[in-house]
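Below, each value reflects all heavy atoms present in this structure, side chains not excepted, and no hydrogens, waters or symmetry copies. Every chain is numbered from 1 and lettered A, B, ... according to where its sequence line falls, protein lines coming before strand lines.
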Number of protein chains: 2
Amino acid sequence: MLKLTKKVDYALLALNLMAKSGEDGISNVRDIASLYSIPPEILAKVMQKLSKAGLIQSHNAPKGGYSLKVQAEEISVLKVLTAVEGPVGIVSCSDGTDRTCQQHDQCDIRSPLERLQNNILWFLEALSIRELGQEPAVLKGVTDGSSVFGQPLHHKG
Amino acid sequence: MLKLTKKVDYALLALNLMAKSGEDGISNVRDIASLYSIPPEILAKVMQKLSKAGLIQSHNAPKGGYSLKVQAEEISVLKVLTAVEGPVGIVSCSDGTDRTCQQHDQCDIRSPLERLQNNILWFLEALSIRELGQEPAVLKGVTDGSSVFGQPLHHKG
DNA sequence: TTATCACAGACCAAAATGATCTGCGATAAT
DNA sequence: ATTATCGCAGATCATTTTGGTCTGTGATAA
């Protein structure tokens, strides 16, 4: 529950690798899958979804593969999640998939849960593929205090 | 993906109801299940977990049921989630369940994902059952600006 | 022409989740 | 003491989601 799927993990790993390999670096499915021990067929599907979402550019040819279509800073984790798994919603009622919710009429906790969801989405949108590849030490400098990252788990107690 | 389970939904609904019914209000499974159209057996299990976690107090007798064991302000959504579904982790590697992760050695995105996870957990911990029952208008006053709730979804663009 | 790549979809397996069924134990009211 | 009402416990099954496999097609540079 509240867990990212493996497909998303794979997508993030691949995108992070591509981000590190520079602007026009081309990586193919076979190599990435081999490096991270990912089933090639699965990664292939994931990459296709990222391509359709406009996050990466496909080069369909020998020595081809994929390259980032936009800068790593512009690719948020939320975009990746949405591209791979569809719209994100922590409550089933709020993503339009559950139109037969038995609790809908009596439900009196929707608003706060949706607010909570918006915050999570905001975080996912705020974290870019570029930041994903930063070492903790590097990230630390810009994440203490004002930034949303690196907050303590417990706000009290 | 990233979705709360129905059991958690049920737990939050029940706890919210109990929070509204006052300090020593006792509610039984049958009534709550009936009110929200929840399968009684499911809700029963959920309530038992909440009881074992020390969030509610059981009264095993006729006219019995459950009452809050601690104040609604002290019951965070994270506590509920953990009680009902076990430890929360958005990445499988970080909750100790996946000790055979094929990507572990090569994985270079763990740190930022764990940071992201900590932020989500922090939000879940910051939201209490009491706040869950507040109307949007009521909540709005204390959530604009400094508070973590009610942030805009997009921080840029 | 061919080997290497992406593209596409059907298909199956495993796991998580939701729900049901059955029986037991505690206790207040009668 | 008996009984009806409640929680407690677990095994079991169905459904959905997810992860993975298989087969084949189309594009293109060497």
Side-chain angles (χ1 to χ4, degrees), chain A residues 1-11 14 18 26-34 36-53 55-67 69 81 84-90 92 95 97-98 100-103, chain B residues 1-11 13-14 18 26-34 36-53 56-67 69 81 84-90 92 95 97-98 100-103:
Chain A
M1 188 243 336
L2 272 185
K3 200 168 289 185
L4 300 178
T5 64
K6 294 222 171 189
K7 288 180 186 175
V8 169
D9 288 344
Y10 299 159
M18 295 169 73
I26 294 185
S27 313
N28 67 60
V29 167
R30 196 165 47 86
D31 290 347
I32 303 177
S34 171
Y36 292 118
S37 303
I38 301 172
E41 301 90 345
I42 298 268
L43 182 61
K45 290 188 185 308
V46 169
M47 299 298 274
Q48 286 165 31
K49 288 189 175 180
L50 295 177
S51 177
K52 282 186 178 178
L55 302 181
I56 61 180
Q57 174 72 50
S58 80
H59 305 274
N60 194 353
K63 303 273 179 181
Y66 292 97
S67 59
K69 197 170 187 179
L81 256 73
V84 174
E85 299 287 351
V88 180
I90 66 166
S92 51
D95 65 353
T97 61
D98 190 357
T100 60
C101 177
Q102 297 291 95
Q103 287 77 39
Chain B
M1 189 241 339
L2 273 186
K3 201 167 289 185
L4 300 180
T5 64
K6 292 219 172 188
K7 289 180 187 175
V8 169
D9 287 344
Y10 298 159
L13 282 170
M18 294 169 73
I26 294 185
S27 314
N28 67 59
V29 167
R30 196 165 47 88
D31 290 346
I32 303 177
S34 170
Y36 292 118
S37 303
I38 301 171
E41 301 91 345
I42 299 267
L43 183 60
K45 292 188 183 307
V46 169
M47 299 298 274
Q48 287 165 29
K49 289 189 174 180
L50 295 176
S51 177
K52 283 186 177 177
I56 60 179
Q57 174 72 51
S58 79
H59 305 273
N60 194 354
K63 303 273 180 183
Y66 293 97
S67 59
K69 198 171 187 179
L81 256 73
V84 174
E85 300 287 352
V88 181
I90 65 166
S92 49
D95 65 354
T97 60
D98 191 356
T100 61
C101 176
Q102 297 290 93
Q103 288 77 39

In whole angstrom, give the distance that lies between atom NZ of A:Lys45 and atom C1' of C:dA8. 7 Å
Please check the phosphate of D:dT17 (OP1 and OP2 only) for any side-chain N or O of A:Lys3 closer than 4.0 Å. no
Would one find a side-chain N or O of A:Arg30 under 4.0 angstrom from OP1 or OP2 of C:dT4? no
Nearest 0.5 Å, what's the OG1-CD distance between A:Thr5 and A:Glu85? 3.5 Å
Can you tell me how far CG of B:Asn28 sits from OG of B:Ser34, rounded to the nearest 0.5 angstrom? 10.0 Å
B:Lys49 NZ to D:dG10 P: how many Å, rounded? 12 Å
Would you please confirm or rule out a distance under 4.0 Å between OP1 or OP2 of D:dG7 and any side-chain N or O of B:Lys63? no
Under 4.0 Å between a side-chain N/O of A:Ser51 and OP1 or OP2 of C:dA6, yes or no? no
Identify whether any heavy atom of A:Met47 sits under 4.0 Å from a base atom; if not, whether one sits that close to sugar-phosphate; answer base, sugar-phosphate or nothing. nothing
Rounded to the nearest Å, what distance is computed from the NZ atom of residue A:Lys6 to the P atom of nucleotide D:dG19? 7 Å
Whole-Å distance, B:Lys52 NZ to D:dG10 C1', equals 11 Å
Gap between atom CD1 of A:Ile26 and atom CD of A:Gln57 - 0.5 Å precision: 9.0 Å
If I take atom CD in residue A:Glu85 and atom C1' in nucleotide D:dT17, what distance separates them, rounded to the nearest angstrom? 10 Å
Nearest-Å distance, CD1 (A:Ile26) to C1' (C:dT4)? 13 Å
Out of D:dG26, C:dG18, C:dC21, which has the shortest distance to the side chain of B:Lys7? C:dG18
Separation of atom CD in B:Glu41 from atom P in D:dA11, rounded to whole Å: 17 Å
Distance check: side-chain N/O of B:Thr5 vs OP1/OP2 of C:dA16, anything under 4.0 Å? no
For C:dT17, take OP1 and OP2 only and decide whether either is under 4.0 Å from a side-chain N or O of B:Tyr10. no
Roughly how far apart are A:Met1 CE and B:Leu2 CG, rounded to 0.5 Å? 10.5 Å
Most 5' of A:Pro62 and A:Ile42 on DNA chain D, judged by nearest nucleotide: A:Ile42
Separation of C:dA28 atom P from B:His59 atom NE2, nearest Å, is 11 Å
Ignoring backbone atoms, test whether A:Asn28 places a side-chain nitrogen or oxygen under 4.0 Å from the OP1 or OP2 oxygen of C:dC5. yes
Here's a test for you: under side chain to side chain contact (heavy atoms under 4.5 Å, CB included), which of A:Ile38, A:Ile32, A:Val84 qualifies with A:Tyr10? A:Ile38
What nucleotide, of D:dG19, C:dC7, D:dA29, holds the atom closest to the side chain of A:Tyr66? C:dC7
